Undergrad: 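Okay, handing you the structure first.
We count ligands from 1, going down the list as the structure has it; atoms in each ligand are counted the same way. Only a predicted model underlies this, so the values are computations on that prediction, with no experimental measurement involved.
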Amino acid sequence: MTPEASNYPEYECCRLCPRQCGVNRNAGKRGHCGASATLRIAAFLPHFGEEPSLVGTRGSGTVFFGGCSCGCFFCQNHQISQEDVGKFYTQEEFTDALRALVNQGVQNLNFVTPGHYWPNIRQACLQLRSEGITLPFLWNSSGYEDASLIPAVARVMDVFLPDFKFSDPELAERCMGDARYPELALNAIAEMVDRHGFLRPWDTSGEITASTGTLVRHLVLPGQFQNSIRALDLLYEHFGPLLPISLMSQFMPMPACRERHFLDSKTEESLYQQVCQHAIELGFQRIYAQEGLGDDRFAPDFTKPEPFGTANRGK
Ligand code: SF4
Ligand code: SF4
């Protein structure tokens with residue numbers, strides 16, 4: 001049975017993200033993100049697959065929400081972002097599950113593609129803070145956000161982890177149906193940096209985890225060299241050499257890529273290395289890079305109790 005939804009005013013005529021659907025989620029309608037007002041969540045887990053600054057020794061307490069307003073056709077989490085995998089939660093059950101994660105000793109709470117459930121997340125976080133829980137809250141987003149939402153989010157969240165996926169409007173249009181992505185994401189990231197600055201403390205060993213700031217992620221897509229080069233150029237122009245960036249090589253082609261005959265391979269090793277080299281030559285000083293290319297670790301199965309397999313158990 002689907003639990004009762006929480007009736008937040010923001011869901012009445014939902015305009016929480018740039019899709020501006022205007023649907024009444026409180027009445028059970030679903031917008032482009034696929035979410036009604038009822039929370040759908042696929043997993044709560046200590047995650048060891050994030051950057052060392054977030055994982056530390058005890059893992060990042062990660063929450064994988066159902067639905068996503070970005071809707072990339074190549075999504076590696078397509079089971080949850082587009083195919084309705086996940087369980088429904090009441091607000092109380094959600095807060096209880098977060099509390100349980102905290103009690104497992106995680107380093108932080110990490111909300112993945114959170115924007116469409118912002119009112120629920122805000123309430124839960126405020127509740128946890130009122131109980132004296134002080135660990136950092138992470139906003140782990142697609143970058144496809146309305147910058148005007150960010151100041152309110154920054155009053156609750158400590159760390160921003162936005163993607164900057166597309167610098168090329170045509171590629172954005174082709175992958176997620178909105179050519180405005182580059183401009184919207186840059187505006188949102190600017191607001192994040194303005195509110196919380198750069199990720200800090202900056203310790204890539206993982207001994208000291210980050211407590212605040214912004215880290216921008218960019219997934220290098222197969223055959224899309226110019227998209228990545230331009231993305232780095234734009235980030236450098238806007239935020240300078242001290243912006244922490246994470247360059248990811250983990251792309252795995254999903255069935256939709258084969259059907260479209262587009263992005264239907266892993267990211268080329270040489271392309272990825274050239275992108276990393278470009279970041280160094282530009283002068284970025286804080287760079288996370290990945291070793292190796294995409295493999296099964298990066299194609300989680302959210303129908304299983306351990307979506308990332310036993311490799312996610314940490315040290
Ligand atoms: S959060 Fe969902 S329903 Fe609301 S505007 Fe965005 S895509 Fe539409
Ligand atoms: S933003 Fe991320 S989670 Fe959302 S559809 Fe794109 S790849 Fe999937």
Undergrad: Enumerate the atoms of ligand 1 whose separation from the nearest heavy atom of H116 is less than 4.0 angstrom.
TA: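 Selected atoms, number and element: 1 (S).
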Undergrad: Can you list the atoms of ligand 2 that are under 4.0 Å from a heavy atom of G71?
TA: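 Counting atoms of ligand 2 from 1, those under 4.0 Å from G71 are 5 (S).
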Undergrad: One thing to verify: whether R174 and D168 come together as a salt bridge, which I'm taking to mean a side-chain N less than 4.0 angstrom from a carboxylate O.
TA: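 Answer for the salt bridge query: no.
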Undergrad: side-chain hydrogen bond (donor to acceptor under 3.5 Å, both in side chains) between N24 and Y11: does it pass, once the steps are laid out?
TA: CA-CA 6 Å; N24 186 351; Y11 294 153; over 6 Å; no
Undergrad: Quick check, are the ring centers of W202 and Y288 under 6.0 angstrom apart?
TA: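 Under 6.0 Å, so yes.
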Undergrad: State, without any angle test, whether S246 and H218 hold a side-chain donor-acceptor pair at a distance under 3.5 Å.
TA: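 Distance-only check fails for S246 and H218.
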Undergrad: Look at ligand 2 and say whether Q82 reaches it with a heavy atom at a distance under 4.0 Å.
TA: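 Within the 4.0 Å threshold, so yes.
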Undergrad: Give the atoms of ligand 2, by number and element, whose distance to some non-hydrogen atom of C70 is under 4.0 Å.
TA: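 Those atoms are 1 (S).
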Undergrad: Identify which of Q76, K165, M254 has a heavy atom lying nearest to atom 2 (Fe) of ligand 2.
TA: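 Of the listed residues, K165 has the closest heavy atom.
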Undergrad: Which residue owns the protein heavy atom closest to atom 4 (Fe) of ligand 2, what's the atom, and how far is it?
TA: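 Its nearest protein heavy-atom neighbour is C68 SG, 2.3 Å.
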Undergrad: Among all protein heavy atoms, pick out the one at the shortest distance from atom 6 (Fe) of ligand 1; state its residue, atom name and that distance to 0.1 Å.
TA: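 Of the protein heavy atoms, C17 SG, 2.4 Å lies nearest.
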Undergrad: Please answer whether the main-chain N or O of G143 pairs with a side-chain N or O of D163 as donor and acceptor at a distance below 3.5 Å.
TA: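 Here the side-chain-to-backbone pair does not exist.
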Undergrad: Is R30 in contact with ligand 1, taking contact as a heavy-atom separation below 4.0 Å?
TA: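 Contact check R30 vs ligand 1: negative.
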Undergrad: More than 12 heavy atoms of other residues, nucleotides or ligands under 6.0 Å from CD of E173: is that the case?
TA: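 Buried by this count: over 12 neighbours within 6.0 Å.
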Undergrad: What atoms of ligand 2 come within less than 4.0 Å of a heavy atom belonging to S142?
TA: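 Close to S142: 1 (S).
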Undergrad: Note the single closest protein heavy atom to atom 5 (S) of ligand 2, along with its residue, its atom name and the distance in Å.
TA: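 Answer, as residue, atom name and distance: C72 N, 3.1 Å.
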Undergrad: Any salt bridge linking E50 with R217? Criterion: basic side-chain nitrogen under 4.0 Å from a carboxylate oxygen.
TA: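 Answer for the salt bridge query: yes.
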Undergrad: More than 12 heavy atoms of other residues, nucleotides or ligands under 6.0 Å from CD of Q20: yes or no?
TA: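 Counting other residues, nucleotides and ligands, CD of Q20 exceeds 12 neighbours.
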Undergrad: List ligand 1 atoms under 4.0 Å from R19, heavy atoms only on the residue side.
TA: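 Counting from 1, the qualifying ligand atoms are 7 (S).
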Undergrad: Using a strict 4.0 Å threshold on nitrogen-to-oxygen distance, state whether E10 and R122 make a salt bridge.
TA: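 Salt bridge present between E10 and R122.
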Undergrad: Numbering the atoms of ligand 2 from 1, which are under 4.0 Å from a heavy atom of T113?
TA: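 Those qualifying, in numeric order: 3 (S).
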Undergrad: Return the residue, atom name and 0.1 Å-rounded distance of the protein heavy atom closest to atom 8 (Fe) of ligand 1.
TA: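 Residue, atom and distance for the closest contact: C21 SG, 2.3 Å.
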Undergrad: Looking only at heavy atoms, is any part of N77 under 4.0 Å from ligand 2, and if so is it the side chain, the backbone, or both, or is it neither?
TA: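 No part of N77 is near ligand 2 at this cut-off.
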Undergrad: Would you mind checking which non-hydrogen protein atom is closest to atom 7 (S) of ligand 1, with the distance to 0.1 Å?
TA: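 Going by distance alone, atom 7 (S) of ligand 1 is nearest to C33 N, 3.3 Å.
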Undergrad: Under 4.0 Å between a Lys/Arg side-chain N and an Asp/Glu carboxylate O for E131 and R99?
TA: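 Yes, this pair counts.
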